[in-house]
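Presented below is the structure to which this report refers.
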Amino acid sequence: MAKQGYWLFKSEPAAYSFSDLMGEVDRTAEWDGVRNYQARNYLRDEVKEGDRMLFYHSGAKAKSVVGTALVVRGGYPDHTAWDPDSEHPDPKSTPEKPRWYMVDIKGEAELSNPVTLAQIKATPALENCSLLTRPRISIHPMTKEEWDIILAMGE
DNA sequence: GCCAACGTTGGC
DNA sequence: GCCAACGTTGGC
């Protein structure tokens, strides 16, 4: 069995929120629309079924980790790229030569207390976490230690 | 293959 | 709403 991976996915709640995920059939959604190569590489190569992720709300008001989810399908081609009616079409990506990848996630639990960005910044053990050191990427790998700390803060 | 222009992200 | 950071594009 592959090593358990931990991730943090960012989303603008106005575009797609954690409650949107929890409201899906089977609480499961395709995480499509990623159009950044670094994030794509994570999705394609490293995010595996069985990995867990923190759902982070970015943007003016939220800026906090609000819940957890499970990866229920590892990286596979993002078919919305070659759908001209999708929100993120990319004519350079085709079914034969997919450029973008996505995963499927299933909502698990909402945190009792959302962990804010300010709290994360104020926690010395989290100062090297990818969320803080690599701004402007929508997908961040996390260590088990970081995962445990944030979840404990959210209880 | 360089690099300027441009677009996007996301905290403030 | 501003703007810094940074990724992408495209002319040369």
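Each chain gets a letter, A, B and so on, in the order the sequences are listed, and its residues count up from 1.
The separation between A:Lys92 atom NZ and C:dG10 atom P is 6 Å, rounded to whole Å. Look at CG on A:Asp90: it is 11 Å from P on C:dT8, rounded to the nearest Å. Taking atom CD on A:Glu87 and atom C1' on B:dT8, their separation rounds to 16 Å, with Å as the unit. Rounded to an integer number of Å, the gap from CZ of A:Arg134 to P of C:dA5 is 15 Å. Taking atom CD1 of A:Ile137 as the reference point, atom P of B:dG11 lies 13 Å away to the nearest angstrom. Here the P atom of nucleotide B:dG10 and the CG atom of A:Leu132 are 14 Å apart, to the nearest Å. Atom C1' of nucleotide B:dT8 and atom CD of A:Glu12 are separated by 11 Å, given to the nearest angstrom. We find that NZ of A:Lys10 is positioned 11 Å from C1' of C:dA5, with the value rounded to whole Å.
For B:dG11, one of the phosphate oxygens OP1 or OP2 lies less than 4.0 angstrom from a side-chain nitrogen or oxygen of A:Tyr56. Regarding contacts with the backbone of B:dC12, a side-chain N or O of A:Lys121 is found under 4.0 angstrom from either OP1 or OP2.
Side chains of A:Tyr76 and A:Asp104: a donor on one and an acceptor on the other come within 3.5 Å.
Proximity note for A:Asn36 (side chain, C-beta onward) versus B:dG10, B:dC12, C:dG7: the nearest is C:dG7. Here C:dA5 is the nucleotide among C:dT9, C:dA5, C:dT8 with the atom lying nearest to any side-chain atom of A:Arg136.
Inter-residue side-chain proximity for A:Val66 and A:Pro114 is flagged as met; some heavy-atom pair is nearer than 4.5 Å.
When atom types are taken as modelled, the side chain of A:Thr28 and the backbone of A:Asp26 share a donor-acceptor pair closer than 3.5 angstrom.
Paired with A:Phe9 under the rule ring-ring contact (aromatic ring centres under 6.0 Å, His included), one option of A:Tyr56, A:Tyr42, A:Trp31 passes, and it is A:Trp31.
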